[in-house]
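In the text below, chain A, chain B and the rest are named by the order of the sequence lines, each starting its count at 1. All values below were derived from every heavy atom in this structure, side-chain atoms included, with hydrogens, water molecules and symmetry-related copies excluded.
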There are 2 protein chains.
Amino acid sequence: MKSSELSTEDKILLAASKIFTAKGYAGTRTRDIAEEAGINLALLNYYFRTKEKLFEQVMKVKIVLLFGQIIPIVMSEKSSLEDKIDQASEKYFEIFIKNPNLPIFVLSEIHKKTSDIKTILPFDKVLKNSVLMKQIQEKKPDLDPFHFLLNFLSMTIFPFLGKPILLSFDLMNEPEFQKFVEERKTLVPVWMKMMLNN
Amino acid sequence: MKSSELSTEDKILLAASKIFTAKGYAGTRTRDIAEEAGINLALLNYYFRTKEKLFEQVMKVKIVLLFGQIIPIVMSEKSSLEDKIDQASEKYFEIFIKNPNLPIFVLSEIHKKTSDIKTILPFDKVLKNSVLMKQIQEKKPDLDPFHFLLNFLSMTIFPFLGKPILLSFDLMNEPEFQKFVEERKTLVPVWMKMMLNN
DNA sequence: GTCTATAGGCCGATAGAC
DNA sequence: GTCTATCGGCCTATAGAC
């Protein structure tokens, strides 16, 4: 897929995604996005009007990538709780191995700009009455399902958030990190099921 | 402790800490720091020369706050592994309840600026041959100690990283979050010991 | 649609008075 | 040490030619 096959608009979006993700909103210059996209600064404004509007488009895609993909898993009537854990783990590690900067980008930008993600994705309604929540409560009534879910997200996402620290402190190098994450893909479900059965 | 009791230098540092933590390096204006400190922009430069140098001072304090406090716990020859878990959990939740933005600030700024934290705190040397690492390996030889440590840090830190998301999605409100975190202070050690004994 | 050139404002840093 | 005033540069956004 060469860049010449993409529309100008998509080239800009792709470049914006890359640079916003690396440097954050405030740290990004529209000039850099234009250069990365191989076009002129004026053209960027021709397509997206302002830096802010371009950012919102990128953010929307990232939110959906981060939270949208597991909605079908969470809502499925057919799969068991154990299957959901396996599937969600598989899915998330796949996403984060491809997009290692996705979590830190979304978390830090939401922290700074309080963009209204609820209008992008009504995740609260999906989750609160989901099949998944019922299954957790049934399996282990004495455990707040939110603790369970947070534990899952923690153990899955956190290694990617902490990656720069692990590398800076020389606790791992890049290939070791890859291996480490690959191991967790199967270990996290084991730990989660342990919490359910004890 | 009124602000008039602080030296001008400390007033600036305090203001800088607050605003850098909220908006990140790139999103912060030195004018805002000066205003927050109740002094003039010129005076800020008189004390710290540049924005960059001021930031480094703040960052150094944050790194030590985030990683320095648990070094004595990790290295103690006297305490058992179980005690270390309890103490570290207690300590970290105390730090994060007081400084909820600390983790996201440090993680996102290190991601963007690759500041050399190893020179600030030689954490790798401390950790790699620590009593804690030996105790984990002894207790559960088939488990990579790094997985264990990451799990602990994940479950402790992640709720604070995800707080803006939880609130944005209306999954919790502020008092519910406080209660949630308070619960985890005792639950995380329970889960960690579960992983050790299964 | 795409470019060059530039307006217009913001921000970090400094000069210089007190 | 602390202030006011201002410089010089950078960055977003736009005007206008092609």
Send over the distance from [X] [atom1] to [N] [atom2], rounded to a whole Å.
| X | N | atom1 | atom2 | value |
| --- | --- | --- | --- | --- |
| B/Asn45 | C/dG16 | CG | C1' | 15 Å |
| B/Phe48 | C/dG12 | CZ | C1' | 16 Å |
| A/Lys51 | D/dC11 | NZ | P | 10 Å |
| A/Glu52 | D/dA13 | CD | C1' | 14 Å |
| A/Asp10 | C/dG1 | CG | P | 13 Å |
| A/Ile33 | D/dC10 | CD1 | C1' | 16 Å |
| A/Leu54 | D/dC11 | CG | C1' | 15 Å |
| A/Ile39 | D/dA13 | CD1 | C1' | 14 Å |

Determine whether the aromatic ring centres of residues [Y] and [X] are separated by less than 6.0 angstrom.
| X | Y | result |
| --- | --- | --- |
| A/Phe55 | A/Phe20 | yes |
| A/Phe158 | B/Phe158 | no |
| A/Phe180 | B/His147 | yes |

Looking at [X], does any N or O in its side chain come under 4.0 Å of the phosphate oxygens OP1/OP2 on [N]?
| X | N | value |
| --- | --- | --- |
| A/Thr30 | D/dA13 | no |
| B/Thr50 | C/dG12 | no |
| B/Arg31 | C/dC11 | no |
| B/Asn40 | D/dT2 | no |

Given [options], the nucleotide with the shortest approach to the side chain of [X]:
| X | options | result |
| --- | --- | --- |
| A/Leu43 | C/dA13, D/dA13, C/dG1 | C/dG1 |
| B/Ala42 | C/dT2, D/dC3, D/dG1 | D/dC3 |
| A/Leu41 | C/dT2, D/dA13, C/dT14 | D/dA13 |
| A/Tyr47 | D/dT2, C/dG1, C/dA13 | C/dG1 |

Distance-only side-chain donor-acceptor flag, B/Asn129 / B/Lys134, under 3.5 Å: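 Judged by distance alone, the side chains do not pair up.
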Hey, which of these two, A/Arg29 or A/Tyr46, hits DNA chain D nearer its 5' end, going by closest nucleotide? A/Arg29
State plainly whether the residues A/Lys193 and A/Glu82 are in salt-bridge range, i.e. N to O under 4.0 Å.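 Salt bridge flag = no for A/Glu82 with A/Lys193.
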